[in-house]
Amino acid sequence: MTSQATTPPRFDAAFRTRLDALFAWRRDVRHFERGALAPGVLDDLLAQATEAPSVGLSQPWRFVLVRAPERRADIRAIFESCNAQALAGQASERAGLYARLKLAGLDDAPEHVAVFVEPEPEAGHGLGRATMPETVAYSAVMAIHTLWLAAAARGVGLGWVSILDPQAVRAALDLPERWQLVGYLCIGYPAEPSRVPELERKGWEHRRPLADFLLMR
């Protein structure tokens, strides 16, 4: 008799329709309610993130919960410095639009999670990364994406803050020098849920069709 653990579930059309909706509503969130997440939610989301695939089953991701006010203040200062540099580098016709964008939820999001990668994890014994060592970092990205979808399924928003100096963030959080920052995540309940990306709503960019990216050989 086949056990339930080894029998894959059947995903019907109704499930696929809801999955399509999950993909559509999984947006980068910049506006958060300040209320805390329900008890246990973040723990569950991080546990789900570890279900992501990883090269050689190395599980190289490292999750850092940033809760100390002084640490958050340091991250905020790093963001402000990097954002000012980014604004200065914008073309004159886009600088005004850039300045009006809300590019981080650092002040409002109740949870901050910095995701680092251990570039030489013992787990996995090097399988699959000898010729493409970057797959270790890709594995951490997969964990973030898994976390993102799991959060959206619970009505939780996630914003990926990338306007940061990775080395400054690592130092501010007092982490091993070999660790590499992959993403700094703001997590909380979204204040303005939308299935349309904010950068599209604000006129910064628009989505392009698959045909623009598909090549045949």
Side-chain angles (χ1 to χ4, degrees), residues 5 9 18-19 21-23 25-76 78-79 104-124 128-129 134-164 166 169-191 193:
R18 294 181 66 80
L19 183 60
L22 175 62
F23 292 153
W25 281 90
R26 184 231 44 85
R27 302 270 62 87
D28 188 75
V29 175
R30 294 177 175 83
H31 303 269
F32 294 91
E33 297 178 356
R34 293 201 170 196
L37 293 177
V41 167
L42 184 59
D43 290 340
D44 289 346
L45 293 177
L46 293 174
Q48 286 182 292
T50 66
E51 296 286 344
S54 62
V55 61
L57 197 56
S58 58
Q59 296 182 286
W61 42 71
R62 304 293 184 263
F63 303 107
V64 182
L65 304 186
V66 185
R67 289 175 170 166
E70 62 273 19
R71 303 281 192 186
R72 289 194 179 192
D74 288 343
I75 299 300
R76 189 70 168 82
I78 295 167
F79 169 79
L106 294 170
D107 295 332
D108 298 337
E111 298 289 355
H112 291 195
V113 179
V115 182
F116 286 79
V117 65
E118 165 58 74
E120 295 292 339
E122 291 184 8
R129 53 189 168 93
E134 63 272 22
T135 54
V136 179
Y138 296 165
S139 299
V141 173
M142 291 297 294
I144 292 174
H145 190 238
T146 301
L147 170 62
W148 214 334
L149 289 173
R154 290 172 173 261
V156 174
L158 184 152
W160 188 327
V161 184
S162 59
I163 306 175
L164 293 168
V169 171
R170 183 202 54 73
L173 299 180
D174 192 24
L175 297 170
E177 290 188 8
R178 67 183 182 278
W179 286 16
Q180 299 170 1
L181 179 67
V182 174
Y184 193 93
L185 313 178
C186 296
I187 301 175
Y189 295 112

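- Taken from CZ in Phe79 to CG in Leu106, the straight-line distance is 6.0 Å, to the nearest 0.5 Å.
- For the pair Thr50 and Phe63, the minimum side-chain heavy-atom distance is below 4.5 Å.
- Across all non-hydrogen atoms, the minimal contact from Pro121 to Arg129 is O-NH2, 2.9 Å.
- Although no hydrogens or angles enter the test, the distance criterion places no donor-acceptor pair under 3.5 Å between the side chain of Arg34 and the main chain of Phe32.
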Inset, instruction - Test Val156 against Tyr189 for side-chain contact (heavy atoms from CB on, under 4.5 Å), laying out the working first. - result: CA-CA 5 Å; Val156 174; Tyr189 295 112; 3.7 Å; yes
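- A donor-acceptor contact shorter than 3.5 Å is absent between the side chain of Arg170 and the backbone of Gln180.
- Residues passing the side chain to side chain donor-acceptor pair (under 3.5 Å) test with Arg178, sequence neighbours excluded: Glu118.
- Between the Ser139 side chain and the Val55 main chain, a donor and an acceptor come within less than 3.5 Å of each other.
- In this structure the side chain of Val113 reaches within 4.5 angstrom of the side chain of Leu65, judged on heavy atoms.
- Counting only heavy atoms from C-beta outward, the side chains of His31 and Asp108 never approach each other to under 4.5 Å.
- Counting only heavy atoms from C-beta outward, the side chains of Val64 and Phe116 approach each other to under 4.5 Å.
- In this structure, Asp174 CG and Arg71 CZ are separated by 5.5 Å, a value rounded to the nearest 0.5 Å.
- Here CG of Leu45 is found 11.0 Å from CG of Leu185. Values are rounded to the nearest 0.5 Å.
- With sequence neighbours excluded, no residue forms a salt bridge (charged side-chain N to carboxylate O under 4.0 Å, His left out) with Asp74.
- Counting heavy atoms from C-beta on, the side chains of Trp61 and Gln59 come closer than 4.5 Å.
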